[in-house]
Amino acid sequence: MALLPIIHVPDDVLRKTAQPVQEVTAATRQLLDDMAETMYDAPGIGLAANQIGALERLIVMDCGSDEAPELWQMINPEIIWESEETTKLEEGCLSIPGHNAEVVRPSVVRARYIDIDGKTQEMEADGLLSACIQHEIDHLNGVLFIDHLSRLKKGMIWKRVLKSARG
Ligand code: K1U
Ligand code: ZN
């Protein structure tokens, strides 16, 4: 297992589209394990491959508790259904540290993905897990949570981000 450096905005890799994984190999499983270790160490509840500079469609999530962890490791995840009902939830991002904001997203989603054994699976998520899987799949498409905010709110965060990036 290895800890991987997490990439921060305004790095271009966070705006790139990750490519589908063609074959689940030992290297895929190793990368997912390294991503899980990196997510737990951060600490965070999710991590997408773009955030560690790998443009492959891989995500990890754990919205469980310390007593009952619930690790998800997904290959080529996609949303196949989303509810019309929406929920506003506060989000953070390990690639935009120190800037949280409320984001409105579909309350419930159904996702299809490939598991670490190469099997196609489906799952349904609500609450924090729903926001998290949508946030992580956004990363794979080069989308950040601030893109869901008003121009005013996004502009305020972006100004502060660029100021701290300049040092
Ligand atoms: O993808 C990421 O940047 C990870 C991000 C995921 C996320 C958080 C909140 C809503 C949707 C998606 C994070 O994990 S930010 C850190 C965080 O949420 C957290 C940190 C410590 C304890 C509990 C949560
Ligand atoms: Zn993020």
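No hydrogens, no waters, no symmetry mates; every other heavy atom, side chains included, goes into these values. Ligands are counted one by one from 1 in listed order, and the atoms in each one are counted from 1 as well. Everything numeric in this text was worked out from a predicted model, so none of it was measured.
The N/O atoms of Ala131, backbone and side chain alike, include none that comes under 3.5 Å of an N/O atom in ligand 1. Close N/O approach between Ser95 and ligand 1 is not found [any backbone or side-chain N/O within under 3.5 Å].
With ligand atoms numbered from 1 in the order given, ligand 1 contributes 3 (O), 15 (S) to contacts under 4.0 Å with heavy atoms of Cys93. Heavy-atom contacts of Gly44 reach the following atoms of ligand 1: 14 (O) (cutoff under 4.0 Å). Below 4.0 Å from some heavy atom of Ile45 lie the following atoms of ligand 1, by number and element: 6 (C), 7 (C), 8 (C), 9 (C), 13 (C), 14 (O), 18 (O), 24 (C). Proximity to His135 (heavy-atom distance under 4.0 Å) selects the following atoms of ligand 1: 1 (O), 2 (C), 3 (O), 11 (C), 12 (C). Counting the atoms of ligand 1 from 1 in the order shown, those under 4.0 Å from a heavy atom of Glu136 are 1 (O), 2 (C), 4 (C), 6 (C). Using a 4.0 Å cut-off to heavy atoms of Gly46, the atoms of ligand 1 that qualify are 1 (O), 2 (C), 4 (C), 14 (O).
Between the side chains of Asp34 and Gln30, a donor-acceptor pair is found at a separation under 3.5 Å. In the model, Asn76 has no side-chain atom that pairs as donor or acceptor with a side-chain atom of Tyr113 under 3.5 Å.
With a cut-off of 2.8 Å, the protein N/O/S atoms near the Zn ion (ligand 2) add up to 3.
The pair Glu82-Arg110 does not count as a salt bridge, with every side-chain nitrogen at least 4.0 angstrom from each carboxylate oxygen.
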Ignoring hydrogens and angles, write down the donor-acceptor pairs under 3.5 Å from the side chains of residues 51-60, residues two or more places apart or on other chains.
from, atom 1, to, atom 2, distance (Å)
Gln51, OE1, Ala48, N, 2.9
Gln51, NE2, Ser95, OG, 3.0
Gln51, NE2, His139, NE2, 3.4
Arg57, NH1, Ala18, O, 2.9
Arg57, NH1, Leu140, O, 3.3
Arg57, NH1, Asn141, OD1, 3.2
Arg57, NH2, Asn141, OD1, 2.8

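Neither the backbone nor the side chain of Met39 comes within contact range of ligand 1; no heavy atom lies under 4.0 Å.
Using a 4.0 Å threshold on non-hydrogen atoms, atom 22 (C) of ligand 1 does not count as touching the protein.
The residue from Gly92, Cys63, Pro43, Ala48 that puts a heavy atom closest to atom 19 (C) of ligand 1 is Pro43.
In this structure, Gln51 is part of the shell of residues with a heavy atom less than 4.0 angstrom from ligand 1.
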